[in-house]
Amino acid sequence: KNEVEQSPQNLTAQEGEFITINCSYSVGISALHWLQQHPGGGIVSLFMLSSGKKKHGRLIATINIQEKHSSLHITASHPRDSAVYICAAAFFYTGNQFYFGTGTSLTVIP
Amino acid sequence: ETGVTQSPTHLIKTRGQQVTLRCSSQSGHNTVSWYQQALGQGPQFIFQYYREEENGRGNFPPRFSGLQFPNYSSELNVNALELDDSALYLCASSFLTVVGTDTQYFGPGTRLTVL
């Protein structure tokens with residue numbers, strides 16, 4: 001069974017806090033996406049990674065293949081970071097088809 | 001802006017009707033994937049098209065069908081609409097190679113309501 005789980009489901013933080021969102025998956029993957037979805041539906045791809053770590057501005061994504069776990073970190077959080085963050089995994093035996101977690105709803109309070 | 005567009009933005013249909021949703025991929029992308037996102041849920045994979053042929057399908061019945069055209073546009077067709085088909089439908093385009101898929105670029109979605 002393909003399974004992508006995220007935690008927490010909901011997260012409220014004060015502006016400036018360091019935020020971590022976790023994603024775990026059940027079997028080997030070829031790639032993992034971190035996505036951001038704002039109210040209204042638009043989805044933006046933040047990172048795609050298959051190993052190690054990637055950084056873009058205040059966002060950092062890491063993946064541990066052995067532990068089947070990935071994290072998305074936001075440093076110095078800002079109210080404009082408020083969105084739903086979704087991880088999606090392409091499992092080896094599903095080819096290039098991505099399976100999505102249910103998302104983490106982040107609210108950053110000024 | 002991802003360069004991926006979808007139409008229409010919103011659509012209201014009644015149960016039993018048929019609907020066609022459209023997606024224009026980013027230029028140069030050979031792969032388009034369609035997803036259904038119910039309220040409060042993560043997107044669910046419907047199917048993927050690669051070079052105009054279906055390249056994988058999720059757990060959706062045959063009344064969900066698709067097409068991909070040489071000009072990078074694609075369609076999602078749903079026949080015999082059911083109330084549970086009400087959702088946000090997202091398409092994502094990417095470039096698939098023998099090594100694997102590149103980053104997926106999502107369109108803004110079509111919100112379908114079935115009454």
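Treat the numbers as computed from the prediction; the structure is a model and nothing was measured. Labels below follow one simple rule: chain letters A, B, ... track the order of the sequence lines, proteins then strands, and each chain is numbered from 1.
A continuous path of hydrophobic side-chain contacts links A/Leu49 to A/Ile65 [ILVMFWY only; heavy atoms under 4.5 Å]. Cluster annotation: A/Ile29 is connected to A/Val27 through the hydrophobic network of ILVMFWY side chains, with a link wherever side-chain heavy atoms come within less than 4.5 Å. When the side chains of ILVMFWY residues are joined at heavy-atom separations under 4.5 Å, either directly or via intervening members, A/Ile60 and A/Ile21 end up in two distinct hydrophobic clusters.
Surrounding CD of B/Gln17 are more than 12 heavy atoms belonging to other residues, nucleotides or ligands, all under 6.0 Å away. Within 6.0 Å of the CZ atom in A/Arg58, the count of heavy atoms belonging to other residues, nucleotides or ligands exceeds 12. In B/Asn71, the CG atom is crowded: over 12 heavy atoms of neighbouring residues, nucleotides or ligands sit closer than 6.0 Å. Counting non-hydrogen atoms of neighbouring residues, nucleotides and ligands closer than 6.0 angstrom, the CD atom of B/Gln44 reaches no more than 12 such neighbours.
A/Gln37 touches chain B through its side chain: at least one heavy atom from C-beta onward sits under 4.5 Å away, while N, CA, C and O do not. The part of B/Gln37 that comes within reach of chain A is its side chain, from C-beta onward, which places non-hydrogen atoms under 4.5 angstrom from that chain.
Other cluster members for B/Phe64: B/Leu11, B/Val19, B/Leu21, B/Val32, B/Trp34, B/Ile46, B/Phe47, B/Tyr49, B/Phe60, B/Leu76, B/Val78, B/Leu81, B/Leu83, B/Tyr89, B/Leu112, B/Val114, joined by side-chain heavy-atom distances under 4.5 Å among Ile, Leu, Val, Met, Phe, Trp and Tyr.
Across all non-hydrogen atoms, the minimal contact from A/Leu35 to B/Phe106 is CD2-CE1, 3.7 Å. Residues A/Phe98 and B/Phe45 approach most closely at O-CB, 3.7 Å, considering heavy atoms.
Note that OG of B/Ser94 is 7.5 Å distant from NE2 of A/His33, once rounded to the nearest 0.5 Å.
By number of non-hydrogen pairs under 4.5 angstrom with chain A, the leading residue of B/Ala92, B/Gly56, B/Gly58 is B/Gly56.
Proximity to chain B among residues 101-110 of chain A is limited to A/Gly101, A/Thr102, judged by heavy-atom separations below 4.5 angstrom.
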